[in-house]
Amino acid sequence: MGSQALQILRQGVWASLTGGWYVDPHQSTFSNCFHLYLWIFLLAFPFLLLVVAGVYCAVIAAFFTAIKAVNFRLHAMFDLGEIVEKRRASFTTDPNRVEEGEEGSGAHDGSLLCTIRVDTGLGLLRACSASLCPFLPPSRATVSASAAAGGCGSPTRSQENSPQTRHYHESPHESQENTLMIEEKAKPKQYYRFWVLPGKWLRVRYDRLALLALLDRNRRVGENVFSVVLASLVAFLGFLLLFQGFFRDIWVFQFCLVIASCQYSLLKSVQPDAASPMHGHNWIIVYSRPVYFCLCCVLISVFDLVGHSDSMRPFTLYGVTFFSTHFLLCARDMLIVFTLCFPIIFLFGLLPQVNTFLMCLLEQVDMHIFGGTATTSPLSSVYSLLRSIVVAALVYGFCLGAINAPWGEAHVPVLFSVFCGLLLALSYHLSRQSSDPTILWSASPHIHDFPVILLHHQLCDRHLMFCFFFFIVLWADLVMCPLMAIITFAISASTVFIALQPALSFVLYILAGVVGFTTHYLLPQLRKQLPWFCLAHPVLRSREYSQFEVRDAAQLMWFEKLYAWLQCVEKYFIYPAVVLNSLTTEAHTVMAGMKLLRTSFCVPSQQYVTLCFTALFFQFDYPRFSQTFLLDYYCMSILFSKLWDLLYKLRFVLTYIAPWQITWGSAFHAFAQPFAVPHSAMLFVQAVFSALFCTPLNPVLGSAVFVTSYTRPVKFWERDYNTKRVDHSNTRLATQLDRNPGADDNNLNSIFYEHLTRSLQHSLCGDLLLGRWGNYSTGDCFILASDYLNALVHIIEIGNGLVTFQLRGLEFRGTYCQQREVEAITEGVEEDEGCCCCEPGHLPHMLSFNAAFGQRWLAWEVAATKYVLEGYSISDNNAASMLQVFDLRKILITYYVKSIIYYVTRSPKLEEWLANETVQEALRPCLSPSYMDSDPTFNLNIDEDYDHRASGITPSSFCLVYLEWIKYCNSRRQTPVESEKDSPLVTLCFGLCILGRRALGTASHSMSASLEPFLYGLHALFKGDFRITSPRDEWVFADMDLLNRVVAPGVRMSLKLHQDHFTSPDEYEDPVVLYDAITANEEKMLISHEGDPVWRSAILANMPSLLALRHVMDDGSDEYKIIMLNKRFLSFRVIKVNRECVRGLWAGQQQELVFLRNRNPERGSIQNAKQALRNMINSSCDQPIGYPIYVSPLTTSFAGAHVQLRSVWGGPISPHNIYTWFISSWDRLQKGCGAGCNSGGNIEDSDCGGGSTSISNNPAAHPPQNTASSIPQPHPTTVQPLMGKTHASLVLLMYHHPPPINKAMMCAGCKFHSSLAFSRD
């Protein structure tokens, strides 16, 4: 513990203060001295500015160029250079010769000693050796000086091993040590040839590890060039600030210290840095200090220059003057202090690495200035911001023209109406698009396949499904954006926003407040599990709430429809009207209108609070401070987003440190709890600071002491970590057979979280829009908890009709702490009757005082208790208990033999096998009446056809048991073959059954009578490891399908039949029942090893049932389990977690494990804390910080994929869908008129478009139709009608030239389109 603390102080604290320099006792003296002198040189050299100011930048550039070039060449030499080995050494009395390679023996301590082949380098080498002598032992310094005097390198290997030697003079006191050195030189020595020029090379006895300890490696030339440029910029900008006199007295030294730390970090950086998000060497963090230094220096110079000039015109906003001289000079001084505090700032890790800073900065600008959504990468942030700037510049041109045009009192210029239409349409389009440009790039190659995808329903592939909905969104926007622009243009040009003022403004404000309060507060509270933390049950309950086990998909309730329609009215009518109403009088606020429109389209849940506060505060309380309503609303939206973050942080902190529920995970926690009390005011200041700069507030080592971390994006994690499942497709065959690396529970269970991700991809966006998860916003975190699945869902990006999320699955069999927290989120509090120290009970359907108080002091709440998703129920049975006795093993072997016979008779290659001469020749001895197979693997206890008189298995005993089954299976063939006792079919079945059982015995090491070897052999055959060792079975290689298509599926099917035997023991004695059962299992069930890629594909394709035999070797356990999966609807509890709690705990774990290097697996920060779910949240971190068994890629869910939401809002609008709707409407109108004119007609019978199954009396006019449900799909769900609930279904075919509809097709037109309804999931 003490050595680890010293290491943290040296390599963490001290290195962060100096920029990377520290004394490492594990490195050589040369390395430590080199680092010391290098750092002193960089620190002291700026003081020479008073004398040689002009050469400072040039010297630094040349110095860094030389070091980076040599370092790069040395690493290239290690990668591709020639290694020369010296095997023996001898000394002679020749005073003028010394054996080559003896000089430089001081390389044992890591010093960089070399010899040069040319005479011109001897002087330089003497100087190098002499300069290194003070740091070397006396003998080695002498050897080095001697080598400099007369040594030379040899260019050939033969000369290296020649017996020619040279002699050097040694002092008497070195004779004993040199004698020992001569003995050591009998060992092989190696060195590298470092070529300087053609024919000129240096001998280097320096290894790669020593060089890496000396200097950081830059792998590419561009990195070296960038490092040299940065070092030069640091020197130049630092020189400018010193020359301009910004620093005096001791602050000059402090500033030189900052310059030295920034330059030194480019040579030997702090690893790991306090802001590093990963273990090991982080090459990006190297550039953080110099980049931030250059940025601050540039800003200091700019603020000083602008502050002393009159070019910047200040402006006042809410009484605060911005960009005045005083303002700019104050900002300059703050940046100067900030720059001087670099050592402390980087010690606490308050600044992220450069790419994270760029991503956060652009993301915050796009979100708060332009109303954008969260981003997923630095490229995504750049793309999203550029997209917003282009759109803002486009609409600003129209706005500028409209402002300059003459305005009448009751007149709106046409150009302004065009501006309003474009602003609304483009804001709507931007809100519907993802911020990730790779989505567009990945979908563009499939644009030509779009009609084929729609026609053939080829959406089983996840990428194709994603491309499909992406194109659907673009196709719908192609219609909606012009339509919205035209409607907005017409409304704006009608001067309605001018004529109805000021009453219209107040009506819109009141309407927005009432609808928002009802939609986003009242309805979600009534649907919560514990409304207002007072009621014990939800008021508005789903139909599944009272069901013990959910058997069907969630039913669509009336309040869900109401919630969806209120959101629709709010997003597409109220807030656009509010913005357009304000824009009519405040046309110059372009970005404000764009931001508010995009935000209301994407996340309207918090807009009503901001709008109501803005209206009340600036209209009634302080109208004199109002700048214009739209600008007030714009500024308040930014302020309220920060206030919401501050509220979440304070809730997290107060909940976490509440003394009545604190859980101490270590002794440090007990010490930190009282220590944090006097610093509560500082904690509040940190919370304000962290809310302002979007930084997490993390507990130090999981204690009650909180510190501010560096700013992070909404996505939080800098790298894209995704779980890679280990199966047979990505492991070597030898590894599969010997070690089976993917056999642990976590790897095998990760597929269920992957399937859960796919299910959420289909339903999450729609369920959020239906209010099934309560209120939500960007960055929210939810936990889905069921019997065995516990996953954290992180919502990253929320668009208008799309949601990007990431799922993190936890272990099935979690730790003790995880189980305690799972119990906390699954147990109910309705039965609690406590009130302080007594139990007086509670009112009906109300919570007790203790329960209500306890629920308010949690960082999480139950959003729903019966959230239904499609998944798999998992049942595992111990195979040892099912095969413990011999009778049960005999039943398994019997089913094994019968399954082999079944697959033989069902095979289409049976006639080919029976006619195969190799097979006939090998099985001919089996036709003899006296044939008997007495393999030791056969046993009387487990083989039903074992002949104890012959001590083996004979054809007669085999036919006595299985001949009836062979005949029945043969009778079920389309073309039966001969199946008598001596027929080739029976002989083939006998040979294959003997082979299969012998393979089982071989895999069991001929110990099938024992349980453990039997299970081992059964598992080996189940995963396909058949080892044919007997010469009598080699005939099977005549056709490998005999193993792959007969024996292998036979052993798997036998396990399923053995499972069914326990439910109905005597049912399978009837051949008809057994044959039908095997056929049904083959059609509806996949029986495979979990390492087979087919297993994963079947689960993701929603196979109804699956079965596998799992061998678990974990924590000293060695057991076999029979895993049975059945597709069904699963019920989850949805737990909404305070997002700042998640971000803070994640940041704390990252700091503790990466920077503080706490490797204790039972550290206090992962102990259970029920009030914050500390263990579950920390376990969900990226590996190796956390230990989730599955982390999904960033997944996007579209609202169009949700069937129930389409039934409420209708399908997407597209040109062809509109065309189809008009055609079907015309058909219904025509038939309605025809039925009205016909006295005996019936309108309902003549209407063909409603999806009705009724037909008219004329069968020719109404041919039978093939609906979409008749097409086999993994999820047979039909897309709902277009445009509300009309009878025209969502047609997904695109025709460039729609086919003409003749009279014969008129009546069946709508049914024709209905037959093309799209089925997916």
Side-chain angles (χ1 to χ4, degrees), residues 46 49 53-54 56-57 229-230 232-249 251-252 254-256 258-259 262 287-342 345 350-352 354 357-358 360-370 381-382 385-386 388-390 392-393 396 400 403 588-592 595 625 627-628 631 634-635 638-639 642 689 692-694 711:
L49 289 174
Y56 172 60
C57 300
V229 172
L230 273 182
S232 304
L233 278 177
V234 169
F236 176 72
L237 295 174
F239 159 72
L240 285 182
L241 295 187
L242 287 173
F243 186 76
Q244 293 174 5
F246 288 108
F247 305 98
R248 294 288 186 273
D249 300 329
W251 303 118
V252 175
Q254 176 66 19
F255 188 69
C256 292
V258 172
I259 294 177
C262 294
Y287 308 109
S288 294
R289 292 174 185 256
V291 168
Y292 285 123
F293 179 84
C294 294
L295 182 62
C296 290
C297 290
V298 169
L299 291 177
I300 289 171
S301 300
V302 170
F303 286 161
D304 182 72
L305 180 64
V306 178
H308 289 91
S309 64
D310 298 330
S311 58
M312 181 67 69
R313 299 181 61 181
F315 67 93
T316 303
L317 184 66
Y318 301 114
V320 180
T321 302
F322 293 91
F323 299 111
S324 63
T325 301
H326 179 70
F327 177 86
L328 293 173
L329 294 181
C330 286
R332 181 204 64 184
D333 295 340
M334 290 178 63
L335 280 174
I336 291 175
V337 175
F338 182 78
T339 305
L340 293 175
C341 294
F342 263 24
I345 290 172
L350 299 181
L351 291 176
V354 178
F357 173 77
L358 176 65
C360 292
L361 178 64
L362 298 182
E363 181 186 67
Q364 292 298 311
V365 170
D366 188 43
M367 292 178 64
H368 296 302
I369 305 300
F370 297 98
S381 61
V382 173
L385 183 60
L386 290 178
S388 301
I389 292 175
V390 169
Y396 183 76
L400 187 62
I403 293 174
H588 59 280
T589 52
V590 178
M591 288 188 298
K595 190 253 185 184
F625 290 112
Q627 302 293 321
T628 60
L631 187 58
Y634 177 79
C635 296
I638 299 175
L639 177 62
K642 300 301 180 182
F689 175 84
L692 182 63
F693 293 99
C694 297
T711 181

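In what follows, every heavy atom counts, from backbone to side chain, and hydrogens, waters and symmetry copies are set aside.
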Could you check if a side-chain atom of [X] sits within less than 4.5 angstrom of a side-chain atom of [Y], using non-hydrogen atoms only?
| X | Y | result |
| --- | --- | --- |
| Val234 | Cys294 | yes |
| Arg332 | His308 | yes |
| Met334 | Val337 | no |
| Leu317 | Gln627 | yes |
| Cys635 | Leu631 | yes |
| Leu362 | Asp366 | no |
| Phe239 | Pro46 | no |

Interatomic distance, [X] atom [atom1] to [Y] atom [atom2] [nearest 0.5 angstrom]:
| X | Y | atom1 | atom2 | value |
| --- | --- | --- | --- | --- |
| Cys297 | Leu240 | SG | CG | 8.5 Å |
| Cys256 | Trp251 | SG | CH2 | 13.5 Å |
| Met367 | Cys694 | CE | SG | 7.5 Å |
| Cys296 | Ile300 | SG | CD1 | 6.0 Å |
| Gln364 | Ile369 | CD | CD1 | 10.0 Å |
| Leu237 | Leu242 | CG | CG | 11.0 Å |

> Yes or no on side chain to side chain contact (heavy atoms under 4.5 Å, CB included) for Thr339 and Phe293, after CA distance, side-chain angles and deciding distance?
Replying inline: CA-CA 7 Å; Thr339 305; Phe293 179 84; 4.0 Å; yes
> Can Tyr292 and Phe357 be said to form a ring pair (Phe, Tyr, Trp, His ring centres under 6.0 Å), step by step?
Replying inline: CA-CA 10 Å; Tyr292 285 123; Phe357 173 77; 5.3 Å; yes
> Under the side chain to side chain contact (heavy atoms under 4.5 Å, CB included) criterion, do Asp304 and Leu328 qualify, and how do the steps go?
Replying inline: CA-CA 7 Å; Asp304 182 72; Leu328 293 173; over 6 Å; no
>> Pair Ile336, Phe303 - check side chain to side chain contact (heavy atoms under 4.5 Å, CB included), show working.
In response: CA-CA 11 Å; Ile336 291 175; Phe303 286 161; over 6 Å; no
> Do the ring centers of Tyr318 and Phe625 come within less than 6.0 Å of each other?
Replying inline: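 No, ring centres 6.0 Å or more apart.
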> Is the distance between the ring centroids of Phe247 and Phe255 under 6.0 Å?
Replying inline: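 Yes, the ring of Phe247 comes within the 6.0 Å limit of the ring of Phe255, centre to centre.
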>> Once you measure the plane-to-plane angle for Phe323 and Phe327, does it fall in the parallel (<30°), tilted (30-60°) or perpendicular (>60°) bin?
In response: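 Perpendicular.
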> Around atom CZ of Phe236, are there more than 12 heavy atoms of other residues, nucleotides or ligands at under 6.0 Å?
Replying inline: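 No, CZ of Phe236 has 12 or fewer neighbouring heavy atoms, counting only those of other groups under 6.0 Å.
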> Which is it for Arg289 and Val258 under the side chain to side chain contact (heavy atoms under 4.5 Å, CB included) test, yes or no, and what are the steps along the way?
Replying inline: CA-CA 9 Å; Arg289 292 174 185 256; Val258 172; over 6 Å; no
>> Suppose we screen for side chain to side chain donor-acceptor pair (under 3.5 Å). Which residues come up paired with Ser288, at least two apart in sequence or across chains?
In response: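 With sequence neighbours excluded, Ser288 shows a side chain to side chain donor-acceptor pair (under 3.5 Å) to no residue whatsoever.
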>> If the condition is ring-ring contact (aromatic ring centres under 6.0 Å, His included), which residues does Phe338 pass it with, not counting sequence neighbours?
In response: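 Testing Phe338 for ring-ring contact (aromatic ring centres under 6.0 Å, His included), a comparison that skips the adjacent residues, returns Phe342.
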>> Please check this pair: side chain of Gln254 against backbone of Leu340, looking for a donor-acceptor N/O pair closer than 3.5 Å.
In response: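 Answer holds: yes.
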